[in-house]
2 protein chains.
Amino acid sequence: MLDTILNNPKMETKSELIKVAIIEDRREIREGLSVMINFTDGFSCVGSYRSMEDALHRIAHNLPDVILSDIGLPGMDGIEGVKILKEKYPQILILMLSVYDDNERIFDALCAGACGYLLKKTPPAQLMESLRDAVSGGAPMSPEIARKVVTLFRDFRPPERVEYDLTPHELRLLKLLVEGHSYKTAALELSVSVNTISFHLKSIYEKLQVHSKSEAVAKALKNHLIK
Amino acid sequence: MLDTILNNPKMETKSELIKVAIIEDRREIREGLSVMINFTDGFSCVGSYRSMEDALHRIAHNLPDVILSDIGLPGMDGIEGVKILKEKYPQILILMLSVYDDNERIFDALCAGACGYLLKKTPPAQLMESLRDAVSGGAPMSPEIARKVVTLFRDFRPPERVEYDLTPHELRLLKLLVEGHSYKTAALELSVSVNTISFHLKSIYEKLQVHSKSEAVAKALKNHLIK
DNA sequence: ATTTTCACTACGTTAATATGTGGTTTGAAA
DNA sequence: TTTCAAACCACATATTAACGTAGTGAAAAT
């Protein structure tokens, strides 16, 4: 009986049926999830694996539409696994299901190819809704995860871009400095004399209100004056 | 499903009303929203403004917990407004309500300080749920917006965090350099001789594979070795 | 118990940089 | 036309940085 539930036989490719696979090392969670999925109309659990290695070996036999994967797995972790799964099966949607809520892991998981990130405390109804959300083009995330994602987002483009009125030439020179050039090599690169570099640097220092090459580089990078 | 939304298990427990303000130029939408908010238990519409300028002038009289703001407004647009509102009232949560779903606007809005982004087609029940979500620490986004955010996220993946095995001392020195210190001032700061600084720098250069102070600063900043 | 490793400290020499002064040329604005 | 800003070049010089060399003490490895 349990067997039937865990390995639903009527998993024929009906387009309205959402096929789900589970990667989770804890048996009770794994089986709980598959029971819930099979008992929900419109869903079918087509695979449940206790490790990423297991999933990678066996998932080809019955490809799901969505994978629910734990992050903390024995052996290969969920994030590493997502990279591989996404490479082999780009069309499969992957939702992370994790107890971790640190920025590092959220970031890595989403960058690895996960299309959503749910905390394990997510109530069952919400989880099923998230699966539906994923297949219909969304990116389900637990509220606190979503907030963190938005906050992380902001770090990528600090709001205020101060205008330092650097001339195009000065910007180009600044870029060379950031790339590690010295006066001499920058002079060569720009086909001017070292003195000219020196002159322009002085102007840059004034505009940026700094007094050394490295301080200028730091300010340029922090204020995104150059890429 | 609607049931799940309307009877969310982790609904607000505090009896206080959630105060909402609306910034929207189209009268029928503005009034529709405020009626819906006032007719929903636990919510109160404390302001509705037809332009950002209007809101900025009058909102101080009755500060809301959450603002629902349109992006396409006459005069100052919603994104510019969010920046100003967030600067004056950092504690207020702001949700964008927009017909636009282009990456540029989503990105700008979230970076400007919005904590969520909803499309105007969002059904009323979902909208009220989003307001609740926002005040309880989430970041409500329409599914397609969330997906775009996750996709955008991937584009901003910083370089793989390489391990450079810098000693704590070296990291501290590197940090000082980024802050614009010279050998001399760094030596003073760390209470060692300039020669010692020189030695450590050499080690740092080796580990980072660079050959100058500014190159080290650039690499440190680019690889997020220091904040 | 000893050697080895490693982080840290230090000195000295040479190369690079910061900063001042002086100037020319060019193209666009007044 | 004059004026001005942005490029460019040069010389002078004090300061700073790069790098080779070398000693110390503490912890890990032998």
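Letters go in sequence order (proteins before strands), and every chain restarts at 1. Quantities reported herein were computed from a predicted structural model and do not represent experimental measurements.
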Table of protein N/O atoms under 3.5 Å from nucleotides 28-30 of chain C N/O atoms:
none

Original post:
In Å, rounded to the nearest 0.5 Å, how long is the span from CG of B/Leu118 to CG of B/Leu97?
Top reply: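 Rounded to the nearest 0.5 Å, the CG-CG separation comes out at 6.0 Å.
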Sort me out a list of protein N/O and nucleotides 8-13 of chain D N/O pairs below 3.5 Å, or just none if empty.
residue	atom	partner	partner atom	Å
D/dC8	OP1	A/His169	NE2	2.7
D/dC8	OP2	A/His169	NE2	2.8
D/dC8	OP2	A/His200	NE2	2.9
D/dC9	OP2	A/Ser193	N	3.0
D/dC9	OP2	A/Thr196	OG1	2.8

Euclidean distance, atom [atom1] of residue [X] to atom [atom2] of [N] [Å, nearest integer]:
{"X": "A/Lys202", "N": "C/dA16", "atom1": "NZ", "atom2": "P", "result": "21 Å"}
{"X": "B/Leu201", "N": "C/dA16", "atom1": "CG", "atom2": "P", "result": "17 Å"}
{"X": "B/His211", "N": "C/dT17", "atom1": "NE2", "atom2": "P", "result": "14 Å"}
{"X": "B/Ile197", "N": "C/dT9", "atom1": "CD1", "atom2": "C1'", "result": "10 Å"}

Original post:
Is any side-chain N of the basic residue among A/Glu87 and A/Lys83 closer than 4.0 Å to the acidic one's carboxylate O?
Top reply: no
Original post:
Do NZ/NE/NH1/NH2 and the carboxylate oxygens of A/Arg147 and A/Glu144 come within less than 4.0 Å?
Top reply: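 No, no charged N to carboxylate O under 4.0 Å.
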Under 3.5 Å between N/O atoms: give me all the protein pairs with nucleotides 15-17 of chain D, atom names plus distance.
residue	atom	partner	partner atom	Å
D/dT16	OP2	B/Lys184	NZ	2.5
D/dA17	OP1	B/Lys213	NZ	2.7
D/dA17	OP2	B/Tyr183	N	2.5

Pairing residues for [X] by the salt bridge (Lys or Arg N to Asp or Glu O under 4.0 Å) criterion, not counting sequence neighbours:
{"X": "A/Glu206", "result": "none"}
{"X": "B/Asp165", "result": "none"}
{"X": "A/Arg172", "result": "none"}
{"X": "A/Lys207", "result": "A/Glu170"}

Original post:
Which residues satisfy the ring pair (Phe, Tyr, Trp, His ring centres under 6.0 Å) test with A/His169, sequence neighbours excluded?
Top reply: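 For A/His169, the residues satisfying ring pair (Phe, Tyr, Trp, His ring centres under 6.0 Å) (neighbours in sequence not counted) are A/His200.
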**OP:** Could you list the residues that satisfy side-chain contact (heavy atoms from CB on, under 4.5 Å) with B/Ala55, not counting sequence neighbours?
**Re:** B/Ile23, B/Tyr49
**OP:** Keeping to residues at least two apart or across chains, list the side chain to side chain donor-acceptor pair (under 3.5 Å) pairs with something in residues 54-73 of chain B.
**Re:** B/Asp54-B/Arg58, B/Asp70-B/Lys120
Subject >> Pairs meeting criterion salt bridge (charged side-chain N to carboxylate O under 4.0 Å, His left out) with involvement of residues 188-199 of chain A, two or more places apart >> reply: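 Matches after skipping sequence neighbours: none remain.
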Subject >> Pair B/Tyr117-B/Asp101, side-chain hydrogen bond (donor to acceptor under 3.5 Å, both in side chains): steps then yes or no >> reply: CA-CA 9 Å; B/Tyr117 196 113; B/Asp101 68 342; over 6 Å; no
Original post:
Applying the side-chain contact (heavy atoms from CB on, under 4.5 Å) test to B/Met52, which of B/Leu85, B/Ile79, B/Asp25, B/Ile59 qualifies?
Top reply: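 That would be B/Leu85.
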Show me the protein contacts with nucleotides 24-28 of chain D, counting only N or O atoms at under 3.5 Å.
none

